[in-house]
Amino acid sequence: ETGVTQTPRHLVMGMTNKKSLKCEQHLGHNAMYWYKQSAKKPLELMFVYNFKEQTENNSVPSRFSPECPNSSHLFLHLHTLQPEDSALYLCASSQASLAGVGGEQFFGPGTRLTVL
Amino acid sequence: EDQVTQSPEALRLQEGESSSLNCSYTVSGLRGLFWYRQDPGKGPEFLFTLYSAGEEKEKERLKATLTKKESFLHITAPKPEDSATYLCAVQASWGSGTYKYIFGTGTRLKVLA
């Protein structure tokens with residue numbers, strides 16, 4: 001595997017389900033990100049992990065819970081989602097410095113999530 | 001308020017018809033400006049990073065330029081395979097040594113054969 005991979009590519013879930021999205025980066029980067037992409041809207045940054053420590057949480061609802069067990073893997077745990085949470089969820093990585101995250105980001109193919 | 005605006009929202013070109021996409025921004029403490037290409041059903045693909053006004057980067061038919069208020073992505077003699085959504089993003093200082101990324105809504109480019 002090369003670059004950034006995401007699984008599953010498509011996910012349909014009910015509002016009472018619990019599911020997890022997985023991201024893995026093979027680039028040796030030390031910062032990872034979750035974004036939400038909805039139609040006609042700019043990418044929304046949800047979470048940032050820099051050296052495995054969460055540095056940003058842009059007021060994301062608690063029904064989204066991130067986990068970063070090491071610098072190569074990132075998860076997004078989902079529970080009791082709402083239909084408006086349906087979107088493309090993108091994972092990205094970059095090479096950050098101790099001074100803060102930065103640099104160009106490399107994205108995975110995304111998980112297309114549909115909440116019924 | 002920090003903001004990134006891209007124009008036009010959509011653009012249709014004939015093959016070989018050169019044009020430019022615009023990304024204007026208002027941020028404090030610009031650390032870098034990025035251009036990405038996104039194909040339907042895929043994640044954005046990194047194209048260029050620009051750091052300071054006057055800087056230019058080129059890759060095949062694409063050339064990105066940067067001023068203090070905006071960036072342009074020039075497409076010379078485009079081909080149908082250049083059809084995609086082009087995203088602009090800025091990285092700005094956010095205090096305490098952290099940074100934030102702000103994306104525009106993109107320009108959907110369609111190149112007709």
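Chain letters run A, B, ... following the sequence lines, proteins first, then strands; residues in each count from 1. Scope of the values below: all heavy atoms of this structure, side chains included, with no hydrogens, waters or symmetry mates.
- More than 12 heavy atoms of other residues, nucleotides or ligands sit less than 6.0 Å from atom CZ of A:R63.
- Following chains of ILVMFWY side-chain contacts shorter than 4.5 Å, one can reach B:V4 starting from B:L66, so the two form part of one hydrophobic cluster.
- Proximity to chain B is absent for every atom of A:R112, based on heavy atoms less than 4.5 angstrom apart.
- Cluster annotation: A:V4 and B:F46 are assigned to the same hydrophobic cluster (Ile/Leu/Val/Met/Phe/Trp/Tyr, side-chain heavy-atom contacts under 4.5 Å, transitive).
- B:Y36 contributes a side-chain N or O that, together with a main-chain N or O of A:Q105, makes up a donor-acceptor pair within less than 3.5 Å.
- Both the backbone and the side chain of A:L43 come within contact range of chain B, with heavy atoms under 4.5 Å apart.
- With sequence neighbours excluded, the residues that form a salt bridge (Lys or Arg N to Asp or Glu O under 4.0 Å) with B:E55 are B:K57.
- Rounded to the nearest 0.5 angstrom, A:K41 NZ and B:T105 OG1 are separated by 12.5 Å.
- Proximity of the aromatic rings of B:F103 and A:Y35 is defined here by a centroid distance below 6.0 angstrom, and this criterion is met.
- In the hydrophobic cluster analysis, where Ile, Leu, Val, Met, Phe, Trp and Tyr join through side-chain heavy atoms closer than 4.5 angstrom, A:Y49 is grouped apart from A:F75.
- Smallest separation of non-hydrogen atoms from A:L90 and B:G43: CD2-CA, 3.7 Å.
- Neither the backbone nor the side chain of B:E45 comes within contact range of chain A, judged by heavy atoms closer than 4.5 Å.
- Judged by distance alone, the side chains of B:Q38 and A:Q37 do bring a donor and an acceptor atom under 3.5 Å apart.
- A heavy-atom distance below 4.5 Å is not found between the side chains of B:I102 and A:P42.
- Distance OG/A:S94 to CZ/B:F34: 8.5 Å, rounded to 0.5 Å.
- Residues A:M13 and A:M15 fall within the same hydrophobic cluster, defined by Ile, Leu, Val, Met, Phe, Trp and Tyr side chains chained together at heavy-atom separations under 4.5 Å.
- Sparse packing is recorded around CD of B:E9, with 12 or fewer heavy atoms of other residues, nucleotides or ligands lying under 6.0 Å away.
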